[in-house]
Asks: 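Here it is, the structure, as structure tokens.
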Protein chains: 2
Amino acid sequence: MDLRHISFRLLEVFMCVVKTRSISETARQLHLTQPTVSQQIKRLQETVNEPLIVVNQQRIHITEAGFALFQTCQQVFGHFDDYQDYLVELRGGERGRCKIAIVNTAQYILPKLLGPYSNLHPHVELPLEIGNRAEVLARFERGEDDIYVFSHPPSLEHAKAGRFLQNPLVFIAPMNHPLAKSSHVTLHDLMTERFLLREPGSATRMLFESELQSRGFVLSDTVQMASNEAIRVAVGSGMGLGVVSRHVLPAHDKSFCMLNVVDVQLASHWYFVVRTDRHLSHAARNFLRFAELNLEQCLDKEWVTNELHTLNHSLTMKT
Amino acid sequence: MDLRHISFRLLEVFMCVVKTRSISETARQLHLTQPTVSQQIKRLQETVNEPLIVVNQQRIHITEAGFALFQTCQQVFGHFDDYQDYLVELRGGERGRCKIAIVNTAQYILPKLLGPYSNLHPHVELPLEIGNRAEVLARFERGEDDIYVFSHPPSLEHAKAGRFLQNPLVFIAPMNHPLAKSSHVTLHDLMTERFLLREPGSATRMLFESELQSRGFVLSDTVQMASNEAIRVAVGSGMGLGVVSRHVLPAHDKSFCMLNVVDVQLASHWYFVVRTDRHLSHAARNFLRFAELNLEQCLDKEWVTNELHTLNHSLTMKT
DNA sequence: CCATCATATAGGTTTTTATCTATGAGGTGG
DNA sequence: CCACCTCATAGATAAAAACCTATATGATGG
């Protein structure tokens with residue numbers, strides 16, 4: 001018996017014959033002609049190489065082999081029904097996977113969205129990749145994830161981005177720093193300080209440096225550090241000043257303070273970025289819709305810049 | 001998703017792709033060309049209406065939906081494998097059903113074959129129908145069973161028969177009958193007796209009556225009884241004489257005796273009869289082969305007339 | 001006995017399927 | 001950078017599947 005040339009249609013017809021015990025009735029139910037059904041059954045019997053039904057006095061008896069096949073079919077169709085149900089869940093976003101890759105700094109904000117979402121959809125897997133800008137960019141290039149979070153999204157033509165949160169940068173200094181209490185610090189005042197900065201290419205640093213450049217300043221002393229935490233702690237212990245995202249700062253840490261730099265307003269935005277040249281999982285689409293509707297509840301309203309509607313709309317447009 | 005136009009071949013290809021994570025490798029393994037496989041997968045994705053694999057940097061990732069389908073396929077193929085195994089058992093005669101219809105008198109002998117056979121093949125169903133000749137003949141006409149047991153098989157052209165046992169008829173009389181002790185009873189001596197006989201048409205009666213007719217005798221007094229037991233008991237209680245199959249008589253019943261009728265030898269044979277115009281179940285074929293090999297062990301050797309070889313041979317010839 | 005119903009067979013048509021070859025686009029590894 | 005892979009696409013074809021109509025055969029039920 002060679003399964004290969006059996007189609008599900010054939011089994012469907014066979015099952016109907018077994019159920020109705022009638023070729024003609026099957027033909028009527030499946031909108032076929034009687035000879036078609038006769039022939040299909042014949043072919044099935046030939047592939048199975050075993051009689052499945054026996055016709056006697058216009059009555060149809062199902063043979064042992066026939067009944068066993070019928071049961072097999074029931075199981076098989078059962079599995080496919082289950083799969084259908086699974087697909088429905090998948091499409092509804094109740095199940096599935098949404099891989100997200102974010103840059104380091106975003107780890108202070110994204111979990112506030114992921115938590116509620118995950119509670120709502122416990123069957124959705126949400127693997128989260130965290131890396132520095134270069135690493136996440138590389139993942140993006142290779143299309144390894146469904147959603148990426150950047151400030152300064154990469155400007156490839158096959159990418160779509162949507163802003164959702166302001167990312168204000170602040171200057172931090174040790175508590176005992178001379179300018180700590182000042183309410184009128186200028187950029188110029190800081191140029192002789194040592195700055196602790198993330199690696200070149202990090203959005204925070206890029207933003208800061210381009211501001212400096214446009215104003216004709218050059219930093220005299222910089223130290224590169226691999227994480228925001230390291231910078232925060234180093235600043236706290238007096239190693240220098242830092243420029244970090246406002247979101248990075250714990251609410252009640254008293255080892256450092258923000259400087260009131262009056263002549264510069266550094267701010268970028270966080271973006272959700274997706275590639276348009278590959279299929280986006282249902283779970284990912286669903287997450288973005290969730291984000292659009294729940295940003296205000298999950299994140300600090302003060303910074304929310306909900307521009308996800310456009311993104312979501314353009315995503316639902318194309319398949 | 002419309003299952004109807006999916007064939008097992010398609011799923012087979014898909015499963016191979018999932019296993020090898022490579023379109024080209026699948027093509028090699030299944031002796032197809034690479035575009036063929038690509039296209040098959042594409043078609044499958046279209047019917048499922050969901051991406052199943054994602055190609056990225058020449059690497060193939062299986063999507064959630066793809067993996068779920070793969071698992072579904074595994075189950076489905078598992079069920080068909082089970083069915084295959086089932087068929088093998090069926091064909092080997094280890095499993096299945098063999099419906100047998102026998103005339104009343106045969107119920108004294110057939111169980112001696114059925115018992116050992118059933119022990120050997122416990123998974124074979126052996127429903128046994130018992131009726132008088134007319135009833136069994138009707139079943140035979142309608143082809144309701146696999147095997148029939150007759151003495152005097154019906155002579156339809158689409159039937160095959162094989163003798164397997166002599167069916168000697170004996171005259172029985174009450175113990176106190178005047179001729180009981182005689183060693184030289186003749187047919188003529190019995191003509192004035194009352195005879196207890198089965199219904200007209202029963203093989204025993206037909207045989208007896210045709211013998212009488214050819215010798216020019218006519219019975220003066222007959223009573224019709226529906227079973228051999230009834231006759232036996234009635235004879236025992238002095239109601240008349242009987243002509244019954246030797247096999248019907250219990251070994252140690254002392255309420256009646258056999259008469260030594262010297263001028264007549266009534267004997268027919270038991271036949272297994274099958275129809276040649278319908279499929280014979282594997283179990284039935286197997287039972288007949290078993291009977292051929294085990295007649296002598298199961299039945300009284302004295303009466304065995306094993307002519308089943310010819311029957312079996314002609315059955316294995318045609319499908 | 002005849003009208004009716006169920007199934008089987010024969011023969012034909014239209015889609016589909018299962019393949020192929022040729023070719024192009026996009027990575028990978030020396 | 002080039003040879004070599006991987007996969008995708010287009011276009012073609014032969015086989016088969018999936019149907020149909022017409023017709024024959026055998027019960028069944030008044």
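Keep in mind that this is a model prediction, so the values were computed, not measured. To find a chain, count down the sequence lines: A is the first, B the second, and so on, and within it residues start at 1.
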Asks: Grab the CD1-P distance between B:Ile6 and C:dT17 for me, whole Å please.
Replies: 10 Å

Asks: Test for a donor-acceptor pair under 3.5 Å between the base of C:dC5 and the side chain of A:Gln58, counting only N and O atoms.
Replies: yes

Asks: For A:Gln40 and for B:Ile53, find the nucleotide of DNA chain D with the closest heavy atom, then tell me which residue's nucleotide is more 5'.
Replies: B:Ile53

Asks: Whole angstrom is fine here: how far is it from NE2 in B:His158 over to C1' in D:dT25?
Replies: 15 Å

Asks: If you take atom types as modelled and just measure distance, does the side chain of B:Gln34 reach the base of D:dA8 with a donor-acceptor pair under 3.5 Å?
Replies: yes

Asks: Does a side-chain N or O of A:Thr36 approach OP1 or OP2 of D:dC20 to a distance below 4.0 Å, or not?
Replies: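 So the side chain of A:Thr36 is within the cut-off, an N or O lying under 4.0 Å from OP1 or OP2 of D:dC20.
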
Asks: Between B:Gly201 and B:Met206, what is the shortest heavy-atom contact and its length?
Replies: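 So the minimum-distance heavy-atom pair works out to O-SD, 3.2 Å.
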
Asks: Return the value, rounded to whole Å, for the distance between atom NE2 of B:His61 and atom P of D:dT6.
Replies: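 Those two atoms, NE2 and P, are 16 Å apart.
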
Asks: Is the distance from OP1 or OP2 of D:dT6 to the nearest side-chain N or O of B:Arg28 less than 4.0 Å?
Replies: yes

Asks: Give a yes or no on whether a donor-acceptor pair under 3.5 Å exists between the nucleobase atoms of D:dC19, that is its base, and the side chain of A:Gln39.
Replies: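 Result: at least one qualifying N/O pair found.
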
Asks: Do the ring planes of B:Phe8 and B:Phe77 sit parallel (below 30°), tilted (30 to 60°) or perpendicular (above 60°)?
Replies: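 Rings of B:Phe8 and B:Phe77: perpendicular, as their planes differ by over 60°.
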
Asks: Nearest whole angstrom, please: distance from the C1' of D:dC19 to the CD of A:Glu12.
Replies: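 Whole-Å distance recorded here is 15 Å.
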
Asks: Would you indicate, yes or no, if C:dT19 has its OP1 or OP2 atom less than 4.0 angstrom from a side-chain nitrogen or oxygen of B:Thr33?
Replies: no

Asks: Tell me whether the OP1 or OP2 atom of D:dA18 has a side-chain N or O from A:Ser7 closer than 4.0 Å.
Replies: yes

Asks: State which of C:dA8, D:dC7, C:dA18 makes the closest approach to the side chain of B:Arg43.
Replies: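 Per side-chain heavy atoms of B:Arg43, the pick is C:dA18.
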
Asks: Is the phosphate of D:dC7 approached by B:Lys42 (side-chain N or O, under 4.0 Å from OP1 or OP2)?
Replies: no

Asks: To the nearest Å, how far apart are A:Leu32 CG and D:dT21 P?
Replies: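 Between P of D:dT21 and CG of A:Leu32: 11 Å.
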
Asks: Could you tell me how the ring of B:Tyr148 sits relative to the ring of B:Phe140: parallel (under 30°), tilted (30 to 60°) or perpendicular (over 60°)?
Replies: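 Plane angle over 60°, so perpendicular.
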
Asks: Salt bridge (Lys or Arg N to Asp or Glu O under 4.0 Å), that's the test. Do A:Asp145 and A:Arg139 meet it? Break it down for me.
Replies: CA-CA 7 Å; A:Asp145 312 270; A:Arg139 296 186 67 89; 2.9 Å; yes

Asks: Remember a base hit wins even if backbone is also touched, and classify B:Ser24 as base, sugar-phosphate or nothing at under 4.0 Å, heavy atoms.
Replies: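 Here B:Ser24 touches the backbone only, sparing every base.
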
Asks: For D:dC5, take OP1 and OP2 only and decide whether either is under 4.0 Å from a side-chain N or O of B:Ser22.
Replies: no

Asks: If you compare every side-chain N and O of B:Ser38 against the phosphate oxygens of D:dC7 (OP1, OP2), does one of them come in below 4.0 Å?
Replies: no

Asks: How many Å lie between CD1 on A:Ile41 and C1' on C:dT7, as a whole number?
Replies: 12 Å

Asks: In whole angstrom, give the distance that lies between atom NE2 of B:His31 and atom C1' of C:dA18.
Replies: 16 Å

Asks: Just how far, in rounded Å, is C1' of D:dT6 from CD of B:Glu25?
Replies: 12 Å

Asks: Which listed nucleotide (D:dA10, C:dT9, C:dT7) is nearest to the side chain of B:Pro35?
Replies: D:dA10

Asks: Please determine, for the side chain of B:His5, which listed nucleotide (C:dT16, D:dT21, C:dC20) has the closest atom?
Replies: C:dT16

Asks: Are A:Phe164 and A:Phe272 near enough that their ring centres are under 6.0 Å apart?
Replies: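 Yes, close enough.
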
Asks: Side-chain N or O of B:Arg9 less than 4.0 angstrom from OP1 or OP2 on C:dA18?
Replies: no

Asks: Assert yes or no for the condition that the ring centre distance of A:His269 to A:His152 is strictly below 6.0 Å.
Replies: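 No, ring centres 6.0 Å or more apart.
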
